[in-house]
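Here the structure is laid out as structure tokens; the discussion comes afterwards.
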Amino acid sequence: MTTAPDGTIVHHVGITVSDIDASARFYGRLLGGDLFGPYRRCGPRIDAVTGHRGVVVEQMFVTATNGRTMVELLSYTGGPETVIEPDNSHVGAVHIAVTVDDIDAALNRLRSQGVSALSDPIEASPPLTGCRVVYVLDPDRVRVELVELPR
């Protein structure tokens, strides 16, 4: 394994969404931090960075309570209309893993808000031995893994 330069961390995770307000509510309730935006981005710089001419991007950021984790939500107008199936079995699909203090309480809270879970929590295997995990679905069916660390 090669070594990354000192200070290399994941800055944020970006998710393209169909309804930025619904996704902001979901991730805001899940992460409990601050929301920044919406920001409207368009023009030559956005055309260049996205690779799509004439696209308009609405953007919001949601932080976790500790402020160290950030999710970027993006909604495109004028870009391709393709909607991917975000099931984790599809190549290119991604998921986010979020630590929670009490997975049962977090799951009950989310279910009471209409959030679907793929199962009940399970005991994880190596290298996450001692953790309990479960996937919930965001408004676009992107998998979000809840992880309860060993006590």
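In this structure the side chain of L146 never reaches within 4.5 angstrom of the side chain of T99, judged on heavy atoms. Side-chain contact between L128 and V147 is absent, with no heavy atoms from C-beta onward closer than 4.5 Å. Residues D120 and V134 have side chains not in contact (no heavy-atom distance under 4.5 Å, counting atoms from C-beta outward). For the pair P86/R143, a side-chain contact is recorded, criterion being any heavy-atom separation below 4.5 Å from C-beta on.
Of the possible polar contacts, one joining the S112 side chain to the R109 backbone as a donor-acceptor pair under 3.5 Å is found. Within the 3.5 Å criterion, the main-chain N or O of V142 finds no donor-acceptor partner in the side chain of D140. Using a distance-only test at 3.5 Å, with no hydrogens or angles considered, no donor-acceptor pair links the side chain of R141 to the main chain of P139.
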List the steps, then state whether side chain to side chain contact (heavy atoms under 4.5 Å, CB included) holds for V55 with I46.
CA-CA 7 Å; V55 74; I46 297 304; 3.8 Å; yes

Worked verdict on I96 versus V71 for side chain to side chain contact (heavy atoms under 4.5 Å, CB included):
CA-CA 9 Å; I96 299 169; V71 174; 4.2 Å; yes

Step by step, would you call V100 with D102 a side chain to side chain contact (heavy atoms under 4.5 Å, CB included)?
CA-CA 6 Å; V100 295; D102 181 336; over 6 Å; no

Apply side chain to side chain contact (heavy atoms under 4.5 Å, CB included) to residues V144 and F26 and explain how you reach the verdict.
CA-CA 11 Å; V144 177; F26 173 84; 4.0 Å; yes

Just list the side-chain donor-acceptor pairs under 3.5 Å for residues 72-81, sequence neighbours left out, or say none.
from : atom 1 : to  : atom 2 : distance (Å)
E72  : OE1    : H12 : NE2    : 3.0
E72  : OE2    : Q59 : NE2    : 2.5

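The structure places CD of E145 at 8.0 Å from CD1 of I103, a figure rounded to the nearest 0.5 Å. Remark: T63 OG1 to L35 CG distance equals 7.5 Å, nearest 0.5 Å. Taken from OG1 in T50 to CZ in R41, the straight-line distance is 13.0 Å, to the nearest 0.5 Å. Rounded to the nearest 0.5 angstrom, Y135 OH and D87 CG are separated by 10.0 Å.
Looking at R132 and D104, a side-chain N of the basic residue comes within less than 4.0 Å of a carboxylate O on the acidic one, giving a salt bridge.
One hydrophobic cluster, built from ILVMFWY side chains closer than 4.5 Å, holds both V115 and V98. Note on I84: it does not cluster hydrophobically with I15, by side-chain heavy-atom contacts below 4.5 Å among ILVMFWY residues. Taken together through direct or relayed side-chain contacts under 4.5 Å among Ile, Leu, Val, Met, Phe, Trp and Tyr, V49 and Y39 form parts of separate hydrophobic clusters. In the hydrophobic clustering of ILVMFWY residues, with side-chain heavy atoms under 4.5 Å counting as a link, V13 and V17 come out together.
Scanning all heavy atoms of the two residues, the minimum distance from S119 to L107 falls at O-CD2, 4.4 Å. Among all heavy-atom pairs drawn from P38 and M60, the shortest one is CA-CG, 3.6 Å.
A 6.0 Å sphere centred on CG of D101 holds no more than 12 heavy atoms belonging to other residues, nucleotides or ligands. Heavy atoms of other residues, nucleotides or ligands lying less than 6.0 angstrom from NE2 of H90 number more than 12.
Applying the side-chain hydrogen bond (donor to acceptor under 3.5 Å, both in side chains) rule to pairs touching residues 24-36 yields Y27-D138, R29-Q113, sequence neighbours excluded.
A search for ring-ring contact (aromatic ring centres under 6.0 Å, His included) contacts involving H52 returns nothing, not counting sequence neighbours.
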